[in-house]
Amino acid sequence: MIGQLDHRDEETAKDIQRIQQPAYLIEAELMGFHGIPQLTESIEDIQQSNESFTGFKEEELKGFISYIEEEDLIDIYRLVVHPDFFRRGIAKALLADLMKRYKGYKFIVSTGTANEPAKNLYRSFGFVEQDLFEVAPGITCTNFMKQS
């Protein structure tokens, strides 16, 4: 069910894009934006990214986590689950799998300050809030870190 995704493959990139669009719009609402299409990426953007992708599939892709590995650090870029499957523990399974594979590494991630489900997920894995940064006037994100 959990496995690496070849995001350079066109069909896989389309699957990633299909999940991101509704999930990003929900997060945008939580952060105070309303229906901003710029929060979605083109297939070319996904294919050209330097991230590694791991996905959760049951016939079709339900969610994914993407990250960049740097020496002893994993920088989590995205943890996205299709909204219809959010309450099934997919995000938790993807994060647990990543942390198991990179045991001994430090992890960093940022999420919208108003995104309580994401913040609670990271806290439940031992991530600690580091600081806040502004992405737009009045809109902040929270940085989290977990030491090995």
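Just so it is clear, the structure is predicted and the values come from calculations on it, not from any experiment.
Side-chain contact, E41 with Q17: no donor N or O sits under 3.5 Å from an acceptor N or O. In this model, a donor atom of one side chain and an acceptor atom of the other lie less than 3.5 Å apart for T113 and T142. For the residue pair Y105 and E69, a side-chain donor N or O sits within less than 3.5 Å of a side-chain acceptor on the partner. No side-chain N or O of T12 forms a donor-acceptor pair with one of D15 less than 3.5 Å apart.
For E60, the side chain to side chain contact (heavy atoms under 4.5 Å, CB included) partners are R18, K62, not counting sequence neighbours. For I2, the side chain to side chain contact (heavy atoms under 4.5 Å, CB included) partners are T54, F56, A93, L94, D97, not counting sequence neighbours. Remark: D6 engages R8, D9 in a side chain to side chain contact (heavy atoms under 4.5 Å, CB included) (not counting sequence neighbours). By the salt bridge (Lys or Arg N to Asp or Glu O under 4.0 Å) test, E70 is found to be paired with no residue, residues two or more places apart in sequence or in another chain being considered.
By the 30° and 60° cut-offs, the orientation of the rings of F53 relative to F64 is tilted.
For residues 118-133, the set of pairs meeting the salt bridge (Lys or Arg N to Asp or Glu O under 4.0 Å) definition, not counting sequence neighbours, comprises E116-K119, E116-R123, R123-E129.
Nearest heavy-atom pair across H7 and Q47 is O-CG, 3.3 Å. For Q4 against S52, the heavy-atom pair with the smallest separation is NE2-CB, 4.5 Å.
The hydrophobic cluster containing I108 also includes L73, M145, under a criterion of side-chain heavy atoms closer than 4.5 Å among ILVMFWY residues, counted directly or through chains of members.
Within the model, atoms CZ of F144 and CZ of F127 stand 9.0 Å from one another, a figure rounded to the nearest 0.5 Å.
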